[in-house]
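Read through the structure below, which is laid out as structure tokens, and then see the notes.
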Amino acid sequence: MPVFETKSFGRIPYEEDAVLEFPSGLPGFDTRHRFVALDFRESEPLIFLQSLEDPCLCFITLPVLVVDPCYRLEVDAGDLARVGLAATRQPRIGEDVLCLAVVAVRETGPTANLLAPIVVNLANRKAVQAVAPESGYSHQQALVSEEAAVCS
Amino acid sequence: MLVMSRRKGETILIGDEIEIVIAHIGRSRVRVGIRAPRSMLVIAREVKLVRDENLAAAAAPSPLALSDLLARLQPEVRG
């Protein structure tokens, strides 16, 4: 099993077929294509996206449905094609895709980027950060600790 | 802000190096061709927002900030 030395987690063994592949990288990190998703019991429900090309690059993420249980995914045709999904319908979170919001931790409090969720095709582990300008979601959605609102 | 009317196929020049072509006009969106030096970053505004957000998110948070984040997410272990 390959092992990668990371800054945050030390040496992490990973399965090659667990690697998430971002064919176009992510905005700001266009040359970073390979990541693994790490989660730990003590930091649930966080999912850490650790780069396999840069030991220091690790995004903190949350499943979008943890941030907003009513989240409506809108992926454009180009991004669907990029991860090998049919453009005939929107993928279903949890069934077709894993959908993660990148969390930024600032002094003013943590925020999640719902404008551009990371969408992973569960069938082939290809991933894209899907910018959805017409979705109306914020790139800096405040994380609140109150019990999540009920979907209407 | 300078506002110009252009038809399909017409061009706008910005300085000597930047050329913007109206490639296609649809019902609710236009396709725009942009010719600019390679060194110049050309991205949609929302992609710039996401880029800046990613750069901020990639800066490792302090352990204190991280434990505060976890406290928000794990109500059962709070207090």
Side-chain angles (χ1 to χ4, degrees), chain A residues 6-8 24-30 32 40-46 48-51 54 56-63 66-67 101-118 129-135 137-148, chain B residues 1-4 6 8 12 14 17-18 20-79:
Chain A
T6 68
K7 180 168 179 275
S8 304
S24 329
L26 292 91
F29 299 90
D30 302 4
R32 298 290 175 245
F40 306 97
R41 209 188 153 80
E42 62 274 19
S43 56
E44 277 179 359
L46 295 180
F48 299 91
L49 268 195
Q50 169 66 50
S51 165
D54 178 352
C56 299
L57 178 58
C58 179
F59 292 106
I60 299 172
T61 74
L62 279 169
V66 169
V67 183
V102 176
V103 174
V105 181
R106 294 188 173 82
E107 284 183 15
T108 48
T111 59
N113 184 348
L114 294 183
L115 171 68
I118 287 172
Q129 189 168 16
V131 185
E134 283 150 45
S135 67
Y137 286 110
S138 168
H139 64 297
Q140 293 180 341
Q141 175 65 48
L143 290 178
V144 290
S145 51
E146 289 89 70
E147 286 303 303
Chain B
M1 191 188 338
L2 172 67
V3 178
M4 299 167 84
R6 300 272 69 190
K8 182 181 167 189
I12 296 166
I14 301 174
E17 293 188 304
I18 302 169
I20 295 171
V21 189
I22 307 305
H24 177 78
I25 302 173
R27 259 208 307 185
S28 62
R29 48 175 67 197
V30 290
R31 286 181 76 82
V32 176
I34 299 151
R35 209 167 278 132
R38 269 197 177 280
S39 58
M40 203 165 274
L41 180 68
V42 179
I43 50 176
R45 181 175 179 274
E46 58 273 13
V47 177
K48 168 88 163 79
L49 289 181
V50 173
R51 182 176 181 273
D52 292 349
E53 203 56 24
N54 281 349
L55 292 170
S62 69
L64 195 67
L66 197 57
S67 62
D68 170 65
L69 169 61
L70 282 172
R72 287 170 193 252
L73 294 167
Q74 300 173 335
E76 70 276 13
V77 297
R78 257 187 304 163

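In what follows, every chain begins at residue 1, and chains take the letters A, B, ... in the order their sequences are listed. Every heavy atom of this structure was used, including side-chain atoms; hydrogens, water molecules and symmetry mates were not.
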Working note: L26(A) + F59(A), criterion side chain to side chain contact (heavy atoms under 4.5 Å, CB included); need CA distance, chi angles, decisive distance, verdict.
CA-CA 11 Å; L26(A) 292 91; F59(A) 292 106; 4.3 Å; yes

Derivation and outcome, side chain to side chain contact (heavy atoms under 4.5 Å, CB included), residues I60(A) and F48(A)
CA-CA 5 Å; I60(A) 299 172; F48(A) 299 91; 3.9 Å; yes

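Applying a 4.5 Å heavy-atom cutoff, the residues of residues 49-57 of chain B that approach chain A are L49(B), V50(B), R51(B), E53(B), N54(B), L55(B), A56(B), A57(B). Contacts from residues 21-43 of chain B to chain A, taken as heavy-atom pairs separated by less than 4.5 Å, involve R29(B) in sequence order.
With sequence neighbours excluded, no residue forms a side chain to side chain donor-acceptor pair (under 3.5 Å) with S51(A). Applying the side chain to side chain contact (heavy atoms under 4.5 Å, CB included) test to A44(B) and every residue at least two apart in sequence or in another chain returns E46(B), V47(B).
Between P117(A) and L114(A), the closest heavy-atom pair is CD-O, 3.7 Å. The shortest non-hydrogen separation linking V131(A) to P133(A) is O-CD, 3.3 Å. Of all heavy-atom pairs between A112(A) and A101(A), the closest is CB-CB, 4.1 Å.
Considering only heavy atoms from C-beta on, Q129(A) comes within 4.5 Å of N113(A) through its side chain.
For L49(A), no part lies near chain B; criterion is any non-hydrogen pair under 4.5 Å.
Remark: side-chain polar atoms of Q50(A) are paired, donor with acceptor, to backbone N or O of L57(A) under 3.5 angstrom.
With rounding to the nearest 0.5 angstrom, the CG atom of L69(B) is 6.5 Å from the CG atom of L143(A).
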